[in-house]
Amino acid sequence: MFPLIAENLVVEFKGQRILGPIGLKLVKGDIAVILGPNGSGKTTLLKSLHGIIKIKNGGVSWSCPKSESMAKQMFVFQNPVMLRRSVFENLTYPLTLCKTPKAEINRLADEWLSKISLKEVIHVAATRLSGGEKQKLALARALITKPEMLFLDEPTASLDGKTTLEIEKLLQNSAENGTTIMMSTHDIGQAKRLAKNILFLNKGKLESTQPAQTFFREPISNNARKFIAGEIVE
């Protein structure tokens with residue numbers, strides 16, 4: 001089953017094409033990692049698939065009905081937005097919107113606060129957390145409703161190694177439980193640890209889509225080969 005299919009997707013800005021045309025299919029439970037040099041269009045692709053950025057041509061289809069698609073997908077930004085509320089209220093906000101019973105909200109909150117090691121700051125204002133703590137909270141808030149699709153834009157940029165590994169473990173567990181994940185990263189090591197498939201993007205063009213092991217062994221794109229080797233991609 002393909003939870004998301006994009007066909008001939010094109011994004012323009014002030015009359016200039018900045019992305020596309022792009023076609024792709026994501027497999028349920030997949031972790032698809034977008035790699036590419038700065039300015040290649042990684043964030044634009046994620047936002048256009050999620051619906052944050054308007055698509056000029058082409059389309060995105062979901063396995064669930066259109067009326068439910070937005071409720072079944074989540075997006076975590078590189079700099080996560082925290083509500084001016086407590087850690088508990090930030091975490092459970094999506095559940096409150098879904099009118100989840102209070103007992104279930106408390107149960108899920110306890111489970112997820114344990115997973116992200118924030119039980120001791122449950123009543124602290126989320127805006128006072130460290131960068132790593134905010135990212136873990138934002139990720140837990142996105143996953144607490146068991147979304148079908150999760151988009152992540154550089155989820156561990158500027159975080160320390162311990163926090164990065166904690167977040168990667170959450171992502172791996174979520175994928176194993178059926179959430180399809182599409183994320184961008186600048187970290188090739190992270191892509192090797194997490195990705196099932198690699199999408200290599202350059203100048204708004206999707207130059208290759210390959211299984212991760214094949215991509216790192218035999219990239220079909222010459223620019224991808226340069227990127228992996230640490231060379232400048234023009």
Side-chain angles (χ1 to χ4, degrees), residues 2-11 17-50 52-53 55 58 60 73-80 135 139 142 149-161 163-165 167-172 174-175 179-234:
F2 300 110
L4 182 152
I5 299 174
E7 297 179 289
N8 297 315
L9 185 151
V10 172
V11 175
R17 181 175 295 187
I18 60 172
L19 186 72
I22 284 176
L24 59 87
K25 295 179 179 179
L26 297 183
V27 179
K28 184 175 176 62
D30 190 9
I31 300 181
V33 173
I34 310 170
L35 291 177
N38 290 338
S40 60
K42 298 188 292 295
T43 300
T44 300
L45 176 58
L46 289 170
K47 289 183 175 180
S48 62
L49 292 172
H50 184 61
I52 299 173
I53 291 178
I55 297 170
V60 178
Q73 57 168 303
M74 293 289 177
F75 196 115
V76 177
F77 296 91
Q78 182 175 340
N79 296 307
Q135 193 67 288
L139 183 57
M149 184 81 207
L150 175 64
F151 296 101
L152 300 153
D153 188 16
E154 301 276 4
T156 59
S158 303
L159 300 184
D160 60 50
T163 304
T164 294
L165 290 176
I167 287 175
E168 289 180 1
K169 183 178 179 180
L170 288 174
L171 295 177
Q172 288 171 326
S174 296
T179 295
T180 305
I181 296 170
M182 187 174 191
M183 59 179 279
S184 65
T185 183
H186 66 283
D187 186 341
I188 291 178
Q190 181 172 72
K192 289 180 178 179
R193 291 190 296 272
L194 288 179
K196 290 185 179 178
N197 287 292
I198 299 289
L199 290 75
F200 183 75
L201 204 62
N202 185 41
K203 296 181 179 178
K205 301 286 187 179
L206 186 57
E207 293 193 357
S208 67
T209 302
Q210 295 179 259
Q213 290 185 346
T214 305
F215 174 84
F216 289 112
R217 186 176 65 250
E218 298 178 64
I220 59 177
S221 161
N222 186 50
N223 285 321
R225 181 193 59 75
K226 291 181 179 179
F227 183 81
I228 294 170
E231 298 176 22
I232 300 297
V233 176
E234 298 185 70

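No experiment lies behind these values; they were computed from the predicted model shown.
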- Query: Taking the six-membered ring of Phe75 as reference, does the NZ or CZ atom of Lys47 fall below 6.0 Å from its centre and within a 45° cone about the axis?
  - Reply: no

Nearest heavy-atom contact between Leu9 and Val11 is CD2-CG2, 4.0 Å

Closest non-hydrogen contact found for Pro3 with Val27 is CD-C, 3.8 Å

- prompt: Hey, does Leu26 have a side-chain heavy atom less than 4.5 Å from the side chain of Met182?
  reply: yes

dist Lys192:NZ -> Phe216:CZ (nearest 0.5 Å) comes out at 6.0 Å

Correct closest heavy-atom pair for Val233 and Lys226 would be CG2-CB, 4.1 Å

d(Asn223 CG, Lys203 NZ) to nearest 0.5 Å is 7.5 Å

Paired with Leu35, the side-chain contact (heavy atoms from CB on, under 4.5 Å) test is passed by just one of Asp187, Ile228, Ile198, Leu199, namely Ile198

>> Applying side chain to side chain contact (heavy atoms under 4.5 Å, CB included) to Asn202 and Lys205, what does each step give before you reach the verdict?
In response: CA-CA 5 Å; Asn202 185 41; Lys205 301 286 187 179; 5.8 Å; no

Of all heavy-atom pairs linking Lys42 and Pro37, the shortest is NZ-O, 3.2 Å

Is there a side-chain contact between Gln73 and His50 in this structure, where contact means two heavy atoms from C-beta onward sitting under 4.5 Å apart?
yes

Rounded to the nearest 0.5 angstrom, the OG-CZ distance for Ser221 and Phe227 is 11.0 Å

Should Leu46 and Thr44 be marked as a side chain to side chain contact (heavy atoms under 4.5 Å, CB included) after you check the CA-CA gap, both sets of side-chain angles, and the distance that decides it?
-> CA-CA 5 Å; Leu46 289 170; Thr44 300; over 6 Å; no

Is there side-chain contact between Phe215 and Ser208, with at least one heavy-atom pair below 4.5 Å?
yes

N/O donor-acceptor pair under 3.5 Å between Gln210 side chain and Ile220 backbone
yes

When rounded to the nearest 0.5 Å, the distance separating CD1 of Ile34 from OG1 of Thr209 is 10.0 Å

Between Gln190 and Thr156, a side-chain donor and acceptor under 3.5 Å:
yes

N/O donor-acceptor pair under 3.5 Å between Lys196 side chain and Gly29 backbone:
yes

**Request:** For residues Leu171 and Leu139, determine if any side-chain heavy atom of one lies less than 4.5 Å from a side-chain heavy atom of the other.
**Result:** yes

Crowded around Gln213 CD? As in, over 12 foreign heavy atoms under 6.0 Å? no

Flag the pair Leu194 / Met183 as yes when at least one side-chain heavy-atom distance between them is below 4.5 Å, and no otherwise.
-> yes

- request: For residues Ile52 and Phe77, determine if any side-chain heavy atom of one lies less than 4.5 Å from a side-chain heavy atom of the other.
  value: yes

When rounded to the nearest 0.5 Å, the distance separating CD1 of Ile55 from CG of Asn8 is 11.0 Å

#### Entry: Glu231, CD: over 12 other non-hydrogen atoms inside 6.0 angstrom
yes

**Prompt:** Is it true that a side-chain atom of Thr164 and a backbone atom of Asp160 form a donor plus acceptor pair closer than 3.5 Å?
**Reply:** yes

inquiry  = Assess, by modelled atom type and distance only, whether the side chains of Ser184 and Asp153 contain a donor and an acceptor separated by less than 3.5 Å.
reply    = yes

(message) Under a 3.5 Å distance rule, please check whether Thr163 uses its side chain to pair with a backbone N or O of Leu159 as donor and acceptor.
(response) no

So Leu19 and Val10, side chain to side chain contact (heavy atoms under 4.5 Å, CB included) or not? Walk me through it. CA-CA 6 Å; Leu19 186 72; Val10 172; over 6 Å; no

task = Apply side chain to side chain contact (heavy atoms under 4.5 Å, CB included) to Leu201 and Glu207, showing your working.
result = CA-CA 6 Å; Leu201 204 62; Glu207 293 193 357; over 6 Å; no

> Got Val76 and Gln135 here, is their nearest side-chain heavy-atom distance under 4.5 Å?
Replying inline: yes

Review point. Given side chains that start at C-beta, do those of Leu4 and Leu24 come closer than 4.5 Å, heavy atoms only?
Key: yes

Output for pair (Gln172 CD, Leu170 CG), nearest 0.5 Å, gives 9.5 Å

Check: His186 main-chain N/O paired with Glu154 side-chain donor or acceptor under 3.5 Å:
yes

Whether Lys28 side chain and Thr180 backbone form a donor-acceptor pair below 3.5 Å
no

Salt bridge (Lys or Arg N to Asp or Glu O under 4.0 Å) filter on Glu168, not counting sequence neighbours, yields Arg193

